[in-house]
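Read through the structure below, which is laid out as structure tokens, and then see the notes.
In what follows, every chain begins at residue 1, and chains take the letters A, B, ... in the order their sequences are listed. Quick caveat: nothing in here was measured; it's all calculated off a predicted structure.
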2 protein chains.
Amino acid sequence: MDDNSKKILIADDEPDILEILSYNLNKEGYETMTAKDGDEALHKTKLFRPDLIMLDVMMPHKNGMEVCKVLRAQPSYQGTLIVFLTALSDETSHIKGLEYGADDFISKPVSPKILISKVNALFRRVQKPDDKVLQAGNIIIDSVKFVVMVEGREIILAKKEFELLHLLATKPGRVFLRNEILSQIWGTEVIVGDRTIDVHIRKIRQKLGIDCITTVKGVGYKLVV
Amino acid sequence: MDDNSKKILIADDEPDILEILSYNLNKEGYETMTAKDGDEALHKTKLFRPDLIMLDVMMPHKNGMEVCKVLRAQPSYQGTLIVFLTALSDETSHIKGLEYGADDFISKPVSPKILISKVNALFRRVQKPDDKVLQAGNIIIDSVKFVVMVEGREIILAKKEFELLHLLATKPGRVFLRNEILSQIWGTEVIVGDRTIDVHIRKIRQKLGIDCITTVKGVGYKLVV
DNA sequence: TTTTGCGTAAACATATTGTTAAGATGGACG
DNA sequence: CGTCCATCTTAACAATATGTTTACGCAAAA
């Protein structure tokens, strides 16, 4: 954080937006680069490995959602922060964006103050070490004791089940793509069938007794609070 | 170094303060969690049972003094350490804080050095002199006499068995990974087979006669209370 | 309608641990 | 110095929990 050599890629088809954003981020000490469409964004992401990517929702050659989906499906970019640039009114984009694994939204027209505070907050959040005790709603996940507490009951999960629930609980409400889950829990070398995740999800639902994991068809799973 | 794993709750409405404090405390080996106002502090205190609570005097939804007063009124939190975060000049807070049962004060802006030394000092002060005798549930482990008491019976364990049980009893409920157990009891140079741990666990279970050690498959063992 | 994606249960495969007994080691002691 | 004895470790096998696949059903989307 003191060495603000964080790299930020900004993708938007309007040159004015690119300029305003990079001007303000540069002033704050961030290193920026720009792309004018989705394909260029993907290409430059591979090249420069930015720490944060700001994607305009509406862009030529792959819109923001598509770029996000492509990136999130690859293990190497799952730690990368992704922020969407949306029109102020656009509510549906927020919902869809979360499903695809966005970390935040910035609405246009952009206020420099909000921009900076959001970006700073995101980086702050990321570098925090993983908590040993997670809480999401009335579920407490204790990695130290290796138990899950639900409504006072103490529930024992098998290892994979525990890991899966723990992953979802790191970002409650956010959807995790099936690819993301696979690479986080099984790693990239191991290859397991599609039904495997379902079965584990089912066991978790069964053992917890409450309906806390929601299926987002065609996308993945998320923990609801 | 010394494996503290003491839990510290930090309550402040300024994110920057939370970040600075938890960063420094984490680096020192403490486990931290945060709250952004008084109500959240109380809630998380009940949930996570921290060993020390750092309260900003000025917070939304119950200020530090109020939180302190609530906690001190309950017997279960009288052993909990409470520290106030105050502005440097604020003399009256010190006096009032002492009346409410504060254990120390840390003035903002916070110096990491002072922070760490104060926190360490507080824990040193409350540390029990007799950790030669551990108790977990109805099991008493006496490192001086080298015996274990279970339900009045005096049981003699072999050296390795004793060390293993003692290790588990230092943190009842916590899961110890097999690797952890190996490095703690056998050290890093010695290499023993996987079954060795199992056999010792078995002997302990057999000798104690009660089922106090739980297997967490794929992870390790823990002592239940 | 056809296709796609997910839920479910049972069968199957695997990994991890429990158990037992048999060497290996080293100290105590005559 | 040799014997006894407790402890530690290992190997072999049994038992079980866990993980994965298969097969099939259902519902919603194309």
Side-chain angles (χ1 to χ4, degrees), chain A residues 69 73 92 96 99-100 146-148 155-168 175-224, chain B residues 146-148 155-168 175-224:
Chain A
K69 192 172 180 181
T92 55
K96 285 192 88 169
E99 288 180 0
Y100 285 125
F146 217 84
V147 292
V148 177
I155 293 164
I156 311 255
L157 297 180
K159 195 174 166 217
K160 278 272 180 326
E161 293 158 20
F162 191 89
E163 287 172 356
L164 183 41
L165 181 62
H166 186 272
L167 175 64
L168 297 182
V175 173
F176 288 79
L177 311 185
R178 297 175 88 90
N179 277 332
E180 235 176 314
I181 295 173
L182 284 176
S183 66
Q184 291 279 334
I185 296 191
W186 278 268
T188 43
E189 316 95 38
V190 192
I191 294 170
V192 292
D194 246 9
R195 297 278 67 70
T196 305
I197 294 180
D198 309 9
V199 172
H200 286 294
I201 291 281
R202 178 181 175 285
K203 288 211 182 126
I204 295 172
R205 284 172 171 156
Q206 195 171 267
K207 284 191 182 177
L208 295 201
I210 59 173
D211 186 30
C212 54
I213 298 176
T214 303
T215 306
V216 183
K217 266 195 154 180
V219 187
Y221 295 94
K222 68 176 173 181
L223 196 75
V224 289
Chain B
F146 213 80
V147 292
V148 178
I155 294 164
I156 311 256
L157 296 179
K159 190 165 166 241
K160 278 278 184 311
E161 293 157 21
F162 190 88
E163 286 174 356
L164 184 40
L165 180 62
H166 185 272
L167 175 64
L168 296 182
V175 175
F176 287 80
L177 312 183
R178 296 177 89 91
N179 281 335
E180 248 177 301
I181 295 173
L182 284 176
S183 65
Q184 290 281 333
I185 296 190
W186 278 268
T188 42
E189 320 93 38
V190 193
I191 294 171
V192 291
D194 249 8
R195 297 277 66 69
T196 306
I197 295 180
D198 308 11
V199 173
H200 285 294
I201 290 281
R202 178 181 133 63
K203 291 224 179 107
I204 295 172
R205 282 172 171 157
Q206 196 172 266
K207 284 191 182 176
L208 295 201
I210 58 174
D211 186 29
C212 55
I213 298 176
T214 303
T215 305
V216 183
K217 249 192 159 173
V219 187
Y221 294 94
K222 67 178 173 182
L223 196 75
V224 290

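- Exactly one of Ile204(B), Leu208(B), Leu164(B) qualifies for a side chain to side chain contact (heavy atoms under 4.5 Å, CB included) with Ile213(B). That residue is Ile204(B).
- Each of Val175(A), Val216(A), Thr215(A) was evaluated against Tyr221(A); a single residue qualifies, Thr215(A), per the side chain to side chain contact (heavy atoms under 4.5 Å, CB included) test.
- Rounded to whole Å, the distance from NZ on Lys207(A) to P on dT8(C) is 16 Å.
- Distances from the side chain of Val199(B) to the nucleotides dG19(D), dT21(D), dT19(C) place dT19(C) closest.
- Crowding of Lys207(B) atom NZ: a count of heavy atoms from other residues, nucleotides or ligands under 6.0 Å exceeding 12.
- Comment: Arg205(A) does not engage Asp198(A) in a salt bridge, judged by the lack of any side-chain N to carboxylate O separation of less than 4.0 angstrom.
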Response to the item:
Taking Watson-Crick and G-U wobble contacts under 3.5 angstrom, with | marking pairs to another strand and [ ] crossing pairs, the secondary structure of DNA chain C is written ||||||||||||||||||||||||||||||

Would you give me the side-chain donor-acceptor pairs under 3.5 Å for residues 181-188 of chain A, sequence neighbours excluded?
residue, atom, partner, partner atom, Å
Ser183(A), OG, Gln78(A), OE1, 3.2
Ser183(A), OG, Gln78(A), NE2, 3.1
Ser183(A), OG, Asn179(A), O, 3.3
Ser183(A), OG, Glu180(A), O, 3.1
Gln184(A), NE2, Gln78(A), OE1, 3.0

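- Spacing between atom CZ of Phe162(A) and atom C1' of dG19(D) amounts to 18 Å, rounded to whole angstrom units.
- Rounded to an integer number of Å, the gap from CH2 of Trp186(A) to P of dT18(D) is 15 Å.
- Look at Thr196(A) and you'll find a side-chain N or O under 4.0 angstrom from OP1 or OP2 of dT21(D).
- Distance CZ (Arg178(A)) to P (dG7(C)): 7 Å, rounded to an integer number of Å.
- Between Leu157(A) and His200(B), the residue anchored nearer the 5' end of DNA chain D, judged by the nucleotide with its closest heavy atom, is His200(B).
- Comparing dG7(C), dT19(C), dT20(D) by their nearest atom to the side chain of Thr215(A) picks out dG7(C).
- Closest to the side chain of Lys159(A), from the set dT9(D), dT21(D), dG19(D), is dG19(D).
- The 5' end of DNA chain C is approached more closely, in terms of each residue's nearest nucleotide, by Tyr221(A) than by the other of Lys217(B) and Tyr221(A).
- When the C1' atom of dG7(C) is taken as reference, atom CG of Asp194(A) falls 13 Å away, rounded to whole Å.
- Minimum interatomic distance between Lys159(A) and Lys217(B) (heavy atoms only, all atoms of both residues): CB-O, 4.3 Å.
- Which of dG19(D), dC8(D), dT21(D) sits closest to the side chain of Arg195(A) comes down to dT21(D).
- One can place NZ of Lys203(B) at 13 Å from P of dT10(D), the figure rounded to the nearest angstrom.
- Computed from coordinates, the Ile201(A) CD1 to dG5(C) P distance equals 17 Å when rounded to whole Å.
- Nearest-nucleotide assignment on DNA chain C puts the 5′-proximal partner with Val216(B), out of Arg202(B) and Val216(B).
- Atom CG of Leu167(A) and atom CG of Leu223(A) lie 10.0 Å apart (nearest 0.5 Å).
- Rounded to an integer number of Å, the gap from Gln206(A) CD to dT8(C) P is 9 Å.
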